Colleague: 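Sending over a structure as structure tokens; questions will come in a sec.
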Amino acid sequence: MILDLDIGNTLSKWRLKDRKSSEIRARGAMWTRDEWRSGADIPDLDIVDVIRISNVARQDVLEDTVRLLKRRVDDIHIAHSSSEALGIRNGYDMPERLGVDRWLGVLSGYQLTGGCCTVDCGSAITMDTVLPGGQHIGGYIIPGLRLMKESLKLGTRKVVIDPEQDALHALSPGTNTVDAVNHGVFMAAISAINRLYMEVCDSQGMALPLLITGGDAAIVSRGLRLPHAHWPDMVYAGLEALFPITSAEGQGVLAGMPEVVKPANLTEMRKALAFTRML
Ligand SMILES: Nc1ncnc2c1ncn2[C@@H]1O[C@H](COP(=O)(O)OP(=O)(O)OP(=O)(O)O)[C@@H](O)[C@H]1O
Ligand SMILES: CC(C)(CO)[C@@H](O)C(=O)NCCC(=O)O
Ligand SMILES: [K+]
């Protein structure tokens, strides 16, 4: 069994993947601050023979985790951002500084689309662009939904935006603090993603497919009016692309690959931008 680990700033997500059938057998998550102790929501290491890790938490979090895992499993692959991988050139001035979750998203996104914008809605919301031909041009980082709420210190941090809520309602003016904050934060995130995406397409002169992932992707996806595909396993797919193990992975078949969604029309996007720039 393969253990894939995605250590984020808030949550550490894991999944177990069957080496033979390529099926995902189990999934779980724990707070990144918490220790790996038995009884918690952690995978059974006795059935694991290889581990792949993406980490954006502090270096000592990774070191502690690896030390613990090494007692049971020898074969551990840790992903790093590099200046070039799988035909993609990293656009950062210092390539190793690009968050590896972003890099992995770009690698899998490119494998799926051959050029796209990737958005990861986690503690932070990040957007990255990789052009046809494989040039990554850099991206944007804004606070995620929870961080935005937390920064207001209005006691609404724990009140989540109801994922079942109608997206239109979630964009309407709030008539109490919780709704005012939730709807405001939701609108801020959606507007930023819309605008950044259209600006990038405009400046590159092409409508790129838009992919979205992360803990808040389902909610954001419901509010986003632009055609896009939701790929929950996009970061894991980057681990598969970088360290292929199963025969399917070797052939470039990545877990949970969504249908590629045809992007919005460039002329229409330019009209929308022209209008907002007039204001
Ligand atoms: N069970 C959950 N526990 C905590 N947060 C959750 C949960 N489900 C969804 N979320 C949302 O997901 C976000 C966390 O995003 P994600 O799971 O992508 O991990 P992350 O650790 O924040 O990632 P990164 O630090 O890489 O941005 C939180 O802002 C929260 O709103
Ligand atoms: C931005 C986050 C926190 C998103 O998870 C992560 O990708 C990160 O820590 N990145 C390092 C900074 C950068 O990407 O420029
Ligand atoms: K993430």
Side-chain angles (χ1 to χ4, degrees), residues 3-15 27-34 52-63 65 78-85 88-110 112 116-130 135-151 160 163 185 188-189 192-193 196-197 200 210-221 224 228-242 254-256 258:
L3 170 63
D4 289 321
L5 249 181
D6 173 8
I7 306 177
N9 277 304
T10 315
L11 282 177
S12 294
K13 283 82 56 184
W14 59 266
R15 65 170 202 189
R27 290 178 186 272
M30 58 188 281
W31 299 113
T32 293
R33 273 170 278 114
D34 289 354
R52 301 180 285 204
I53 303 179
S54 161
N55 172 58
V56 298
R58 289 196 323 265
Q59 183 63 20
D60 57 296
V61 172
L62 177 68
E63 282 164 12
T65 305
I78 299 164
H80 295 284
S81 297
S82 56
S83 56
E84 200 274 350
I88 298 165
R89 295 170 305 285
N90 189 323
Y92 252 34
D93 303 330
M94 299 169 86
E96 67 284 357
R97 295 279 177 92
L98 176 70
V100 72
D101 51 349
R102 297 172 58 192
W103 183 235
L104 292 170
V106 164
L107 297 183
S108 48
Y110 187 71
L112 176 69
C116 59
C117 283
T118 55
V119 172
D120 192 335
C121 306
S123 307
I125 296 174
T126 59
M127 178 183 288
D128 279 275
T129 300
V130 55
Q135 183 63 53
H136 166 253
I137 62 170
Y140 303 92
I141 305 175
I142 60 176
L145 298 178
R146 201 172 57 102
L147 271 181
M148 283 197 243
K149 283 197 269 183
E150 208 172 320
S151 65
V160 295
V185 160
I193 294 169
L196 295 173
Y197 169 76
V200 166
L210 178 59
L211 302 175
I212 154 163
T213 194
D216 289 324
I219 301 167
V220 169
S221 172
L224 216 54
H228 65 278
H230 180 195
W231 189 358
D233 275 12
M234 190 162 77
V235 173
Y236 287 135
L239 286 174
E240 297 175 338
L242 206 53
L254 308 177

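Residues: numbered from 1 along the sequence shown. Fair warning: this is a prediction, and the values are worked out from it, not measured in the lab. Both counts, for ligands and for their atoms, begin at 1 and track the order of listing.
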Colleague: Show me which atoms of ligand 2 lie under 4.0 Å from any heavy atom of Arg102.
Modeller: 7 (O), 13 (C), 14 (O), 15 (O)
Colleague: Should the heavy atoms of other residues, nucleotides or ligands under 6.0 Å from CG of Asp60 be counted, would the total exceed 12?
Modeller: yes
Colleague: As an exercise, state the distance from CG of Leu5 to CD1 of Ile78, rounded to the nearest 0.5 Å.
Modeller: 10.0 Å
Colleague: Show me which atoms of ligand 2 lie under 4.0 Å from any heavy atom of Arg97.
Modeller: 11 (C), 12 (C), 13 (C), 14 (O), 15 (O)
Colleague: List ligand 2 atoms under 4.0 Å from Asn9, heavy atoms only on the residue side.
Modeller: 3 (C)
Colleague: Pairs of nitrogen or oxygen atoms closer than 3.5 Å, one from Gly99 and one from ligand 2: do any exist?
Modeller: yes
Colleague: Which is closest to atom 7 (O) of ligand 2 in terms of heavy atoms, Ile141, Asp101, Asp6?
Modeller: Asp101
Colleague: If you check every N/O/S atom of Asp120, which is the one nearest the K ion (ligand 3)?
Modeller: OD2
Colleague: Which residues satisfy the side chain to side chain donor-acceptor pair (under 3.5 Å) test with Tyr140, sequence neighbours excluded?
Modeller: none
Colleague: Which of the numbered atoms in ligand 2 are under 4.0 angstrom from any heavy atom belonging to Leu98?
Modeller: 14 (O)
Colleague: Check ligand 2 against Tyr92 and write out every atom of the ligand that is under 4.0 Å from a heavy-atom position of the residue.
Modeller: 13 (C), 14 (O), 15 (O)
Colleague: Will you find, in the side chains of Arg102 and Tyr92, an N or O donor that is under 3.5 Å from an N or O acceptor?
Modeller: yes
Colleague: What's the spacing between Arg89 CZ and Gln135 CD if we round to 0.5 Å?
Modeller: 4.5 Å
Colleague: Could you go through the side chain to side chain contact (heavy atoms under 4.5 Å, CB included) check for Leu210 and Leu224 one step at a time?
Modeller: CA-CA 11 Å; Leu210 178 59; Leu224 216 54; 4.2 Å; yes
